[in-house]
*Asks:* 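Just dropping this structure here.
Just follow the structure's listing: the first ligand is 1, and inside any ligand the first atom is 1.
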Amino acid sequence: MDIGFIGLGEMGSAMAVNALKAGHMVRVWNRSRDKTRALADQGASVVDTPEQAFSGDAAFSMLADDHALRSVLVDGGLLKQAPKGLVHVNMATISAALAIELAELHKQHGVAYVAAPVLGRPDVAAAGKLNILAAGADADIDRVQPVFDVLGQKTWRVGQEPQHANVLKLAANFMLASAIESFGEAAALVSGHGMPAQTLLDVITHSLFPGPVYAGYGKMIADARYEPAMFKARLGLKDVRLAIAAGDAVNVPLPLASVVRDNLVDALAHGDGEKDFAVLGRVAARRAGQQS
Ligand code: NAP
C-alpha cells in the first residue's frame, strides 16, 4: 500500500519501520525533522508537510495527545485539504470526546475515519506484536487491515463507533496504571520490612500475576530504574485523566483512577514526567521515606 505516517515518536517510529519492512511505501512527517532521519535510512520518503503525508491509500497518525492531533488535523486545516475517500487511521490514545468530534468532522470532509489505539509499548511495537483496538466501518478497516497485520499480532474489531475503541483503550490503561500503582505500594511495603523488591517481583510474576505488566513495569520498580522511558509518566497521566473524563461524561465514578492521577501529579511535581510510567514506584517509595 501507499501510506502516510504522521508522528514519529517512540511508538510511531517503530510502527512506520515495520510498515516499510513489509514492503509498503511510506511517506513520513514529524514536527521535529531530526526524528525522520532513521526512517529515511530505512527507505521512507520524508515529506515537508502533514498534507503530503495525508494522501495515497491511507494515512496513519500516532501523535502524543488531543492537543497535538487537534493542532495538526483540525487547526492546521489538514482535514479540509485531505483527498476525498482517504482513510485516516488514528492510533494515538485520545479522549472519547475528541474521537466523537473527529468522527463527525471526517464525515463532513468525506474522509473515512478509523480509531485504532494500541496496547503495547515501543518494544512490542518494534516486534510487530501490538494489540490493535479498531473501530469504524468494517469496509474502512478492511482497507487498512494489511498494515494492521504487520503492526500487530491481533486486530480486535470492537465496533462501528470510533470512540468505543478509545474508551476501551482508556479502560485498559486505567487498569495498567492501577497495577503499576499497586506494585509500587507493595514494593514499598516489602522494602519497609527489609526485603528486596526483587523477591516480590520473582514470587508474584511466577505465581499470581504472570504477564507483561508486572514483569516489565514491576522490574523497573524493583530496579528503581525509570529511564530510558518506554512510556512517559506524563503520557500515562494524560490517559488516567482521559479515563476520569470519559467516566464523568456518563456518570461513572472511578475513585481508584483519582488516586493514581494524584500520584502521577506528584511524580510530575518532582520533575519525573519524562521518566517511565513505572515511576509511580518512586512516588510510593518516597511517601514511605525510602530512597528510590
Ligand atoms: P512520544 O514519543 O512523546 O511522541 C509523540 C509524537 O507526537 C512525536 O512525534 C511528537 O513530535 C508529536 N507531537 C507532540 N505534540 C505535537 C504537536 N503539538 N504538533 C505536532 N506533533 C506533536 O509519544 P509515544 O510514546 O510515541 O506515544 C504516542 C501515542 O501513543 C500517545 O497517544 C500515547 O499515549 C500512545 N501510546 C504510547 C505507548 C507507549 O508505551 N509509549 C503505548 C501505547 C500507546 P516531536 O517529535 O516533534 O516532539
*Asks:* Mind checking the CG-CD spacing from Leu235 to Glu10? Nearest 0.5 Å is all I need.
*Replies:*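 Taking CG in Leu235 and CD in Glu10, the distance rounds to 9.5 Å.
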
*Asks:* Starting from atom 18 (N) of ligand 1, locate the nearest protein heavy atom and write down its residue, its atom name and how far away it is, to 0.1 Å.
*Replies:*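 Among all protein heavy atoms, the one nearest atom 18 (N) of ligand 1 is Arg31 NH1, 3.4 Å.
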
*Asks:* Closest non-hydrogen protein atom to atom 35 (C) of ligand 1, residue and atom name please, with distance?
*Replies:*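 For this ligand atom, the closest protein heavy atom is Thr93 OG1, 3.6 Å.
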
*Asks:* Closer than 4.0 angstrom: is that true for some heavy atom of Lys238 and an atom of ligand 1?
*Replies:*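 For ligand 1, residue contact (heavy atoms, under 4.0 Å) with Lys238 is present.
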
*Asks:* Regarding ligand 1, does Val72 bring an N or O atom to under 3.5 Å of one of the ligand's N or O atoms?
*Replies:*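 No: no nitrogen or oxygen of Val72 is under 3.5 Å from one in ligand 1.
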
*Asks:* Would you mind checking which non-hydrogen protein atom is closest to atom 4 (O) of ligand 1, with the distance to 0.1 Å?
*Replies:*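 Ranking protein heavy atoms by distance from atom 4 (O) of ligand 1, first comes Gly9 CA, 3.3 Å.
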
*Asks:* Does Asp272 come within less than 4.0 Å of Arg234, counting only side-chain N to carboxylate O?
*Replies:*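 Answer for the salt bridge query: no.
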
*Asks:* Between Ser32 and ligand 1, does any nitrogen or oxygen pair lie at a separation below 3.5 Å?
*Replies:*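 Yes, since at least one N or O of Ser32 sits under 3.5 Å from an N or O of ligand 1.
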
*Asks:* For Lys232, counting its heavy atoms only, list the atoms of ligand 1 lying under 4.0 Å from any of them.
*Replies:*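 Heavy-atom distances to Lys232 below 4.0 Å select 1 (P), 2 (O), 3 (O).
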
*Asks:* So that I can tick it off, tell me whether Asp202 and Lys219 are bridged by a salt bridge, with the cut-off set at under 4.0 angstrom between side-chain N and carboxylate O.
*Replies:*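 Result for this pair is no, no salt bridge flagged.
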
*Asks:* Please report which non-hydrogen protein atom sits nearest to atom 39 (C) of ligand 1, along with the residue it belongs to and the distance in Å to one decimal place.
*Replies:*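 The protein heavy atom lying closest is Phe231 CD1, 3.4 Å.
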
*Asks:* Considering the heavy atoms of Gly120, write down every atom of ligand 1 situated less than 4.0 Å from one of them.
*Replies:*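 Those atoms are 42 (C), 43 (C).
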
*Asks:* Heavy atoms only: which of Met230, Arg234, Arg121 lies closest to atom 41 (N) of ligand 1?
*Replies:*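 Considering heavy atoms of Met230, Arg234, Arg121, the nearest to atom 41 (N) of ligand 1 sits in Met230.
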
*Asks:* Within ligand 1, which atoms have a heavy atom of Leu63 less than 4.0 Å away?
*Replies:*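 Those qualifying, in numeric order: 7 (O), 12 (C), 21 (N), 28 (C), 29 (C), 31 (C), 32 (O).
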
*Asks:* Ignoring hydrogens and geometry beyond distance, is a side-chain donor-acceptor pair present between Ser95 and Arg241 at under 3.5 Å?
*Replies:*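 Checked: Ser95/Arg241 side chains show no N/O donor-acceptor pair below 3.5 Å.
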
*Asks:* Kindly confirm or rule out an N or O of Gly7 lying under 3.5 angstrom from an N or O of ligand 1.
*Replies:*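 No: no nitrogen or oxygen of Gly7 is under 3.5 Å from one in ligand 1.
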
*Asks:* Minimum distance, heavy atoms only, to atom 6 (C) of ligand 1: which one of Ala64, Pro50, Ala14 is it?
*Replies:*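 Going through Ala64, Pro50, Ala14 one by one, Ala64 has the nearest heavy atom to atom 6 (C) of ligand 1.
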
*Asks:* Between Glu10 and ligand 1, is there a nitrogen or oxygen pair with a distance under 3.5 Å?
*Replies:*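 Between Glu10 and ligand 1 (N or O atoms, distance only) the closest approach is under 3.5 Å.
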
*Asks:* Any idea which atoms of ligand 1 are less than 4.0 Å away from a heavy-atom of Leu8?
*Replies:*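 Answer for ligand 1: 9 (O).
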
*Asks:* Short question: side chain of Asp140, backbone of Ala112 - any donor-acceptor pair under 3.5 Å?
*Replies:*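 No, the answer is negative, given that no donor and acceptor are paired below the 3.5 Å cut-off.
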
*Asks:* Check the pair Arg157, Asp142 against salt bridge (charged side-chain N to carboxylate O under 4.0 Å, His left out), reporting the backbone distance first and the verdict last.
*Replies:* CA-CA 10 Å; Arg157 294 196 182 205; Asp142 286 345; 2.9 Å; yes

*Asks:* So, taking the atom named CD1 in Ile132 and the one named NZ in Lys169, what distance separates them when rounded to the nearest 0.5 Å?
*Replies:*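 Output value for this atom pair is 12.0 Å.
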
*Asks:* Test question: given the 4.5 Å side-chain rule for I, L, V, M, F, W and Y, name all other residues clustered with Leu189, or answer none.
*Replies:*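 So far as hydrophobic clustering goes, Leu189 is joined with none.
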
*Asks:* Please report which non-hydrogen protein atom sits nearest to atom 26 (O) of ligand 1, along with the residue it belongs to and the distance in Å to one decimal place.
*Replies:*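 It is Met11 N, 2.8 Å.
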
*Asks:* With backbone taken as N, CA, C and O and side chain as the heavy atoms from C-beta onward, which portion of Lys169 lies under 4.0 Å from ligand 1: side chain, backbone, both, or neither?
*Replies:*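 Within the 4.0 Å criterion, Lys169 contacts ligand 1 through side-chain atoms alone.
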
*Asks:* When rounded to the nearest 0.5 angstrom, what distance separates NZ in Lys232 from CD in Glu274?
*Replies:*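 The NZ atom of Lys232 sits 5.5 Å away from the CD atom of Glu274.
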
*Asks:* Quick test of your reading: applying salt bridge (charged side-chain N to carboxylate O under 4.0 Å, His left out), list the pairs with at least one residue in residues 106-126, sequence neighbours left out, ordered by first then second residue.
*Replies:*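 For residues 106-126: Arg121-Asp276.
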
*Asks:* Only heavy atoms of Lys35, strictly under 4.0 Å: list the atoms of ligand 1 that pass.
*Replies:*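 It comes down to these atoms of ligand 1: 45 (P), 46 (O), 48 (O).
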
*Asks:* Does Asp266 come within less than 4.0 Å of Arg286, counting only side-chain N to carboxylate O?
*Replies:*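 Answer for the salt bridge query: yes.
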
*Asks:* State whether the shortest distance between N or O atoms of Met62 and N or O atoms of ligand 1 falls below 3.5 angstrom.
*Replies:*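 No; every N/O pair is 3.5 Å or more apart.
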
*Asks:* Among Leu98, Val74, Val111, Leu73, find the residue that satisfies the side chain to side chain contact (heavy atoms under 4.5 Å, CB included) test when tested with Leu105.
*Replies:*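 Only one option passes, and that is Val74.
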
*Asks:* Report, in ascending order of atom number, the atoms of ligand 1 lying under 4.0 Å from any heavy atom of Ala92.
*Replies:*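 In order of number, 32 (O).
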
*Asks:* Using a 4.0 Å cut-off to any heavy atom of Ser71, which atoms of ligand 1 qualify?
*Replies:*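 Counting from 1, the qualifying ligand atoms are 18 (N), 19 (N).
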
*Asks:* Give the atoms of ligand 1, by number and element, whose distance to some non-hydrogen atom of Pro122 is under 4.0 Å.
*Replies:*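 Matching atoms, with element in brackets: 39 (C), 40 (O), 41 (N).
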
*Asks:* Is there a heavy atom in Ala125 that sits closer than 4.0 Å to ligand 1?
*Replies:*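 No, that is not the case, since the closest heavy atom of the residue is not under 4.0 Å from the ligand.
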
*Asks:* Quick check: are there more than 12 heavy atoms from other residues, nucleotides or ligands sitting under 6.0 Å from CZ of Arg37?
*Replies:*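 Count not over threshold, so no.
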
*Asks:* Can you find a side-chain donor-acceptor pair between Gln52 and Thr49 that sits under 3.5 Å?
*Replies:*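 Indeed, the side chains of Gln52 and Thr49 share at least one donor-acceptor pair under 3.5 Å.
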
*Asks:* Considering only heavy atoms, which of Val124, Leu235, Ile6, Asn30 lies nearest to atom 10 (C) of ligand 1?
*Replies:*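 Among Val124, Leu235, Ile6, Asn30, the closest heavy atom to atom 10 (C) of ligand 1 belongs to Asn30.
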
